[in-house]
Participant: 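First the structure, which I've put down as structure tokens, then a few questions once you've had a look.
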Amino acid sequence: MFWDFLRDFEAGDFSSWIREGNFIAEPFSTFYTLLGFHSIGMAAVVGIGWMLSARIFGFHQEFLMSKTQRLLQLAWWGFYLNLGSGILLLMGQPRREFITGLFWVKMLSIVMALITMLVVQKGIAQIKMVPNGSGKIEAVPLSLRVNAFLVCIFWLVAIVAGRLIGYTQPPPPM
Amino acid sequence: MNWDPNFVAENFKNLWPGPLVRESGWLFPFGEAMHFIGLCLLLGSMFIIDLRLMGWFKSISVRAALSFLPYAIIGFIINLASGWLFFTSAPASYLENNAFLLKMLLILIAGVNALGFTLWEQPKVIAIGPEQETPQSAKIFAGLSLFLWLFILLLGRWLPIFTVGTN
């Protein structure tokens, strides 16, 4: 029944517009325009996530983590852009995505990346300055480093799985 | 020298790793995954550097922001290598694609912009500390850089729209 609903939805105007229509004007197809926005969102959330992880691992010590709130905000805006464009892309061919194992690997990786990002964000907010020689440095606990490593790995898996979805099966027939 | 587009494309087609990519079922998807990893490294670091120079993210020093530059260079090298892999697999289809040609032109402009910043602007801004304003010229270099890289990314995703259809 749910499958029938999805097939009817895919046959409808909105889903067809996402798959085959134009976004505002020709030749900018809705599908590829959404993919473009999806990539910008990915670059922001994953790229900034990786950069902050590098800082947490101990590189770029002059970059104070307590001052990264605006950067984290930008990473989250990147994710919202990803989420919005991703939902619309899913509405273009839901049946194909749902029967593709890599789609679920990607979804699971994204959920895990988001959970670990929230843990990292909370950990950054709790970082304290500790004396080090003549000055002070930000003390990064091991648990925060482990979570930062997991953020990197989960986003990496999500990217690779997302790219490989395009090489799996074609959409099921209407 | 023969500059006939078909002749040029045919020559590129025989360069490494073109024949290997065409025969392999996994090299192209592998290259795509690497291209995306590269662009996340490149843009992730450019967001930090360019936004700091533009004044949006003033809480850190310019030197601290610029310390992320090596990731941009690593990302660019990954993308250059994976991009070469795509190009040699079907050079004619890229050479006749206007989005690809524009993308290459914009990468060249972004490179010149980065070189200009390094030569003229970086010595002036490197000592700028947290909460301090950068000069207008640095903001222009950074704004142009971010705009170019985001547009380059979009053009990469739009290549299929402008594919003419031959190989």
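Note that the structure is predicted; figures quoted are calculated from it, not measured.
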Participant: Do you know the tightest heavy-atom contact between A:A54 and B:Y71?
Facilitator: CB-OH, 3.2 Å
Participant: With a 4.5 angstrom heavy-atom cut-off, could you sort out which part of B:L153 is near chain A: side chain, backbone, both or neither?
Facilitator: side chain
Participant: Less than 4.5 Å apart, side chain to side chain, heavy atoms only: is that true for A:V160 and B:F30?
Facilitator: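 Counting from C-beta outward, A:V160 and B:F30 never come under 4.5 Å.
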Participant: If every non-hydrogen atom of A:I159 is compared with every non-hydrogen atom of B:C40, which pair is closest and at what distance?
Facilitator: CD1-SG, 3.7 Å
Participant: Please test B:L154 against A:Y32 for side-chain contact (heavy atoms from CB on, under 4.5 Å), starting from the C-alpha separation and ending with a verdict.
Facilitator: CA-CA 9 Å; B:L154 276 178; A:Y32 286 107; over 6 Å; no
Participant: For B:F12, I'd like to know if atom CZ has over 12 heavy atoms of other residues, nucleotides or ligands within 6.0 Å.
Facilitator: no
Participant: Check the pair B:L41, A:M51 against side-chain contact (heavy atoms from CB on, under 4.5 Å), reporting the backbone distance first and the verdict last.
Facilitator: CA-CA 8 Å; B:L41 286 170; A:M51 296 305 122; 4.1 Å; yes
Participant: Go through the steps to decide whether A:F63 and B:F68 satisfy the test side-chain contact (heavy atoms from CB on, under 4.5 Å), and finish with yes or no.
Facilitator: CA-CA 10 Å; A:F63 186 92; B:F68 286 89; 3.5 Å; yes
Participant: Please classify the contact between B:L51 and chain A as side chain, backbone, both or neither, with a heavy-atom cut-off of under 4.5 Å.
Facilitator: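 Contact with chain A: side chain only.
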Participant: Please find the pair of heavy atoms, one from A:K67 and one from B:S59, that lie closest to each other, and give the distance.
Facilitator: O-OG, 3.0 Å
Participant: After noting the C-alpha distance and the side-chain angles of B:W26 and A:Y167, does the key distance pass the side-chain contact (heavy atoms from CB on, under 4.5 Å) rule?
Facilitator: CA-CA 9 Å; B:W26 64 271; A:Y167 295 91; over 6 Å; no
Participant: Tell me, out of B:P130, B:A33, B:A64, B:P29, who's got the most heavy-atom pairs with chain A below 4.5 Å.
Facilitator: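 Most heavy-atom pairs under 4.5 Å with chain A: B:P29.
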Participant: Heavy-atom distance under 4.5 Å to chain A: side chain of B:I60, backbone, both or neither?
Facilitator: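 For B:I60, side-chain heavy atoms alone lie under 4.5 Å from chain A.
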Participant: So do the side chains of A:S39 and B:F36 get within less than 4.5 Å of each other, counting heavy atoms only?
Facilitator: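 The answer is yes; the side chains approach within 4.5 Å.
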Participant: Taking all non-hydrogen atoms of both residues into account, name the closest pair between B:W56 and A:L74 and its distance.
Facilitator: CH2-CB, 4.0 Å
Participant: Minimum heavy-atom separation for B:R157 and A:R163, please, with both atom names.
Facilitator: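 Scanning both residues completely, I find the closest heavy atoms to be NH2-NH1, 3.2 Å.
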Participant: Working to the nearest 0.5 angstrom, can you tell me the gap between A:L71 CG and B:F57 CZ?
Facilitator: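 Those atoms lie 4.5 Å apart.
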Participant: Please say whether more than 12 non-hydrogen atoms of neighbouring residues, nucleotides or ligands are located less than 6.0 Å from CZ in A:F9.
Facilitator: yes
Participant: State, to 0.1 Å, how close A:A43 and B:L39 come at their nearest heavy-atom pair, and which atoms those are.
Facilitator: CB-CD1, 3.8 Å
